[in-house]
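Numbering of residues begins at 1 and proceeds along the displayed sequence.
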Amino acid sequence: MKLYISRLILGTLFLFTQFIFAQNISENQFKVKGNCEMCKTRIEDAAKKAGAKTAVYSIDLQTLTLDTSNVSSDDILKKVAEAGHDNEKYKASDDIYEKLPGCCHYERDLVPSSAEPHGHHTAYIKKENEFYVRGNCASCKARIEKAAQAAGAESAEWSAEHQTVTLNFNPLHTSADKILKSIADAGHDNEKYKASDAVYKNLPGCCLYDRNFTFGEPNPTVHYEEETKHDGHNASQEQTIESHGQHEKKIEGVVVTGSKAATSLSKKEAGLVFNIDKKELLKAACCNLSESFETNATVDVSFSNAVTGTKQLKMLGLDQKYTSLTKEQLPEIRGLASAYGLNFIPGRWIESIQLTKGGSTVTNGYESITGQINTELLKNAKTPETSLNLFSDFNGRAEANITSVSPINDQWTQTFLLHGNGTFGNTDMNHDSFLDRPKGTQINAAYLLNYNDLEKSGFGSHFGINFIRDERTAGQIGFDKRLTQKEQYPYGVGIDISRFQVWNKTGYVFKGKPYQSIGWMNQYVYHQQDSFFGLRNYNGKQHTYYSNLIFESILGNTNHKYKAGASFLYDGYEETYLTNNFKRNEVVPGIFAEYTLTGVKYTLVAGARADFHNLAGTQFTPRINFKYDFTPQTILRLSAGRGFRTANVFAENQQYFASNRVINIMPNGGNIYGLKPEIAWNYGASLQQEFKLFGRKSTIIADFFRTDFQDQVLVDLDKSPQQLTFYNLEGKSFANSFQTQWDFTPFKNFDVRLAYKYYDVQADYIGGRREIPFMAKHRGFVNLAYSTDKNDKGGFWSFDTTLNWVGKQRLPDTTTNPAEFQLPAYSDSYAVLNAQISRNFNKKIRAYLGGENLTSYYQKNAIVDFRNPFGNYFDGGMVYAPIMKANFYVGLDVTF
């Protein structure tokens, strides 16, 4: 009995001891994030150095068990966080976390209890390198971090949730006081300094934070509107791994959702850069890239030929060939693709467009003279998304698009893009027996594969492949493409194009150095065109290989960034016009460097490149962009730069092939068709002013650009109506461009855009100085957009309308023609009205109805001597206005 009682007492004491021990363990056990044995060693060493007698970390349980008899657990956990490991009390700084080895980059999903709200307003406990700074939104974040870096901070990260900025700086070069004073001077109250009332009141409306809440408590007016993100011009890793169009952002464990403007002007860029979101493209039919700028005032889109129905872009008063047109930051519409390449990027494939006015960065090449238009394809999705678009107009054109973007895992994403279109109807609205647009079909398919592991391993890669087959028939109704032109009387045009391209962009961000990266881009393009224009034939083949290697880092701190790299371009051309063969290979290795200086109110980007062209000689290309913020609402930009290109006189002027003009090239000692390369300087200035109107944001932008040609290949249509003459410039050629644009929102959901443009474009031809033909001096633009509020299913209505007014244009001299085949010296002015109504029934289904050229203005004499297409006076290239009357269309978008 005694033995039984003794065992019972011992057992009870043992259980009680175990219970007490377990209670002690639970009270000294803490959640700590880590991945591997290196993490375990680091965590335990940090705890012991902080005074813990014992420290045991469990990787499986993600717990740290401590003996803390001599020191507080808070002090130990703070040191563990300083070593790089988030825990239930403290969070490691982003800078320290990023410096951990790749294998130690744990998932940062643990919210420290000190940051969690207890009760109503428990103050946030900040770290040693954190300071309270008031702000509201993404604009505040950018302004605060920029001011901190301008004052010498190596890095600065502002948290909207905690109203703190985390600073990393060298105390030998600056101080926390100096940085916080700079932040206050920029307009943001902080724990050391208060912004002046004048500076605070000049902040944008969204940035006017509450100035009275207690530091450490939640900001009652905080919000986070994320702007369109595109730094393709400023970061080589972002040129290789894009993350455009993100609508969510994680901040300290909180997910906030933001909205983006359909079109926005980047306030961070030194250059004048417009970001066009895919929402903007939904405002019009936007079947392809040539129709993507109908609601944009900067780019002019016009028909260039009445027989082939091709469209061309113009910017700053000059033809499309002087603008660098890229896709995924790689050269795209150039060379033999100049005439029809705009039709090869379907509108539904486009995720965003970045439009730069004036000289762009030297890292993208030497061909940009008037600007750059970069197109980004769909490739970002957190969940699988497949969309179907069906489109048809009332004159026999139909198209279908299937896009599918899906994540494979956390790092890999793939995109399938498929497009098909066909024009089957005989459209002849002006009754001249010629089709107003070609008939034919296009099949276009692409596959994209993206790898993004920048945050852990630092690597990212993007791969793409694209195939296009486009067949078109134009000319007189009744022409049979199956027969040769000599076998039939109707005049015909046939254009068959095959295009294949494959590309890759790979980037690496150095561990512990988020400002340092290297990117390598490569692309191969094969383009073949077989075509005839009546009795004329034009065939061409082009092989292009492009490579660009870019290294980016800093000098001392992130206020001083630089890029350096090398590029290589090979173009192999083989062309046949009538019986003449033209072959050439252009081999262009190049090197470049660019420096970016960032201050509190200014940004300077200066770069230069040297290209060693085997046919055009060594070319030096300097470019500079400067931005100065007088206030956050008043921004001045200045730019200057040089560009050069080689002219493809046949491919770039196919709009004149549907005529009986004889081609005449007047050589000038050059190595490309006997002609020298084109060289031009571009200078620009712009002023951006934001202000409040009816209590809502309003913006006015005014810009002036001048382009001076040092050398140019002139296309002379005036020498004779029966000749198309090419020769190098002797004298002056210039283009002056002025534009002012006003964007405002009179009331909720109603956006207004007004613009006026003035062009003065002249050149010294053989016959004297004349205005460039087909360029109106005066243009007006009005765009109105209204949408209703969304219902509980996400449905709403949208109404969009755009009016373009085009002033008179100089027409080529035809006075030597018989009177009935002469054109006036100047065209009439005209207006074109486009409108669209769309209905989003929910987040998955959208239907739309629209009309183009609702004013039904069309050029009645679009083809000179259309009754005798094989005669001396026939000319289908004298187009200055639409050639089709009003055209209506319907469409359907379905997302699965």
Compute whether any side-chain donor of one residue and acceptor of the other, for [X] and [Y], lie under 3.5 angstrom apart.
X	Y	value
Tyr758	Asp760	no
Ser266	Asn275	no
Asp571	Thr544	yes
Arg642	Gln619	yes
Tyr577	Asn537	no
Lys321	Gln312	no
Glu594	Thr363	no

Salt bridge (charged side-chain N to carboxylate O under 4.0 Å, His left out) partners of residues 663-674, not counting sequence neighbours, each pair once =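 Every pair satisfying salt bridge (charged side-chain N to carboxylate O under 4.0 Å, His left out) with a residue in residues 663-674: there are none.
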Row check, Phe734 ring normal vs Arg706 NZ/CZ: under 6.0 Å, within 45° = yes
Please lay out, stage by stage, how Phe467 and Phe500 fare under the test ring pair (Phe, Tyr, Trp, His ring centres under 6.0 Å).
-> CA-CA 5 Å; Phe467 173 77; Phe500 170 79; 7.3 Å; no
Taking C-beta and beyond as the side chain, do [X] and [Y] meet within less than 4.5 Å on heavy atoms?
X	Y	answer
Ile350	Ile345	yes
Leu336	Tyr573	yes
Thr298	Phe274	yes
Ser639	Tyr683	no
Gln354	Gln372	no
Ile766	Asp718	no

Determine whether the aromatic ring centres of [X] and [Y] lie less than 6.0 Å apart.
X	Y	value
Tyr538	Phe657	yes
Phe704	Phe738	no
Tyr508	Phe510	yes

Can you list the steps and then say if Leu272 with Thr356 is a side-chain contact (heavy atoms from CB on, under 4.5 Å)?
-> CA-CA 6 Å; Leu272 196 59; Thr356 304; over 6 Å; no
Audit row: Lys627, Glu269, salt bridge (Lys or Arg N to Asp or Glu O under 4.0 Å) steps and yes/no | CA-CA 8 Å; Lys627 177 176 73 76; Glu269 297 280 0; over 6 Å; no
Using side chain to side chain donor-acceptor pair (under 3.5 Å) as the criterion, list what pairs up with Asn585, not counting sequence neighbours.
->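 If we apply the side chain to side chain donor-acceptor pair (under 3.5 Å) test to Asn585, skipping adjacent residues, the hits are Tyr570.
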Arg609 side-chain N/O to Val362 backbone N/O, donor-acceptor pair under 3.5 Å = yes
Do any N or O atoms from the side chain of Gln809 and from the backbone of Tyr880 form a donor-acceptor pair under 3.5 angstrom?
-> yes
Got a second to check how far Ile518's CD1 is from Ser553's OG, nearest 0.5 Å?
->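 Spacing of CD1 (Ile518) from OG (Ser553) equals 11.0 Å.
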The residue among Ile468, Asn288, Ile497, Asn444 that forms side-chain contact (heavy atoms from CB on, under 4.5 Å) with Asn343 is Asn288
Can you check salt bridge (Lys or Arg N to Asp or Glu O under 4.0 Å) on Lys561 and Glu552, steps first, answer last?
-> CA-CA 7 Å; Lys561 297 180 182 178; Glu552 179 179 9; 5.1 Å; no
Salt bridge present between Asp629 and Lys268 (N-O < 4.0 angstrom) = no
Sidechain N-carboxylate O distance under 4.0 Å for Lys732, Asp708 = no
Quick one: sort the His613 and Phe644 rings into parallel, tilted or perpendicular, breaks at 30° and 60°.
-> perpendicular
Results of side chain to side chain contact (heavy atoms under 4.5 Å, CB included) for [X] - residues two or more places apart only:
X	answer
Ser368	Ser324, Ser360, Arg623
Ala339	Gln654
Asp496	Arg469, Glu471, Lys481

Side chains of residues 669-678: which donor-acceptor partners sit under 3.5 Å, not counting sequence neighbours?
unit_1	atom_1	unit_2	atom_2	d
Asn671	ND2	Leu615	O	3.0
Tyr673	OH	Glu575	OE1	2.4
Tyr673	OH	Arg584	NH1	3.2
Glu678	OE1	Arg645	NH1	2.5
Glu678	OE2	Tyr322	OH	2.6
Glu678	OE2	Val713	N	3.0

Could you go through the salt bridge (Lys or Arg N to Asp or Glu O under 4.0 Å) check for Asp764 and Arg770 one step at a time?
-> CA-CA 7 Å; Asp764 290 335; Arg770 294 192 299 274; over 6 Å; no
In this structure, are over 12 heavy atoms from other groups packed under 6.0 Å from Glu730 atom CD?
-> no
Carefully, step by step, assess Asp703 and Arg637 under the rule salt bridge (Lys or Arg N to Asp or Glu O under 4.0 Å).
-> CA-CA 9 Å; Asp703 62 69; Arg637 290 181 172 88; over 6 Å; no
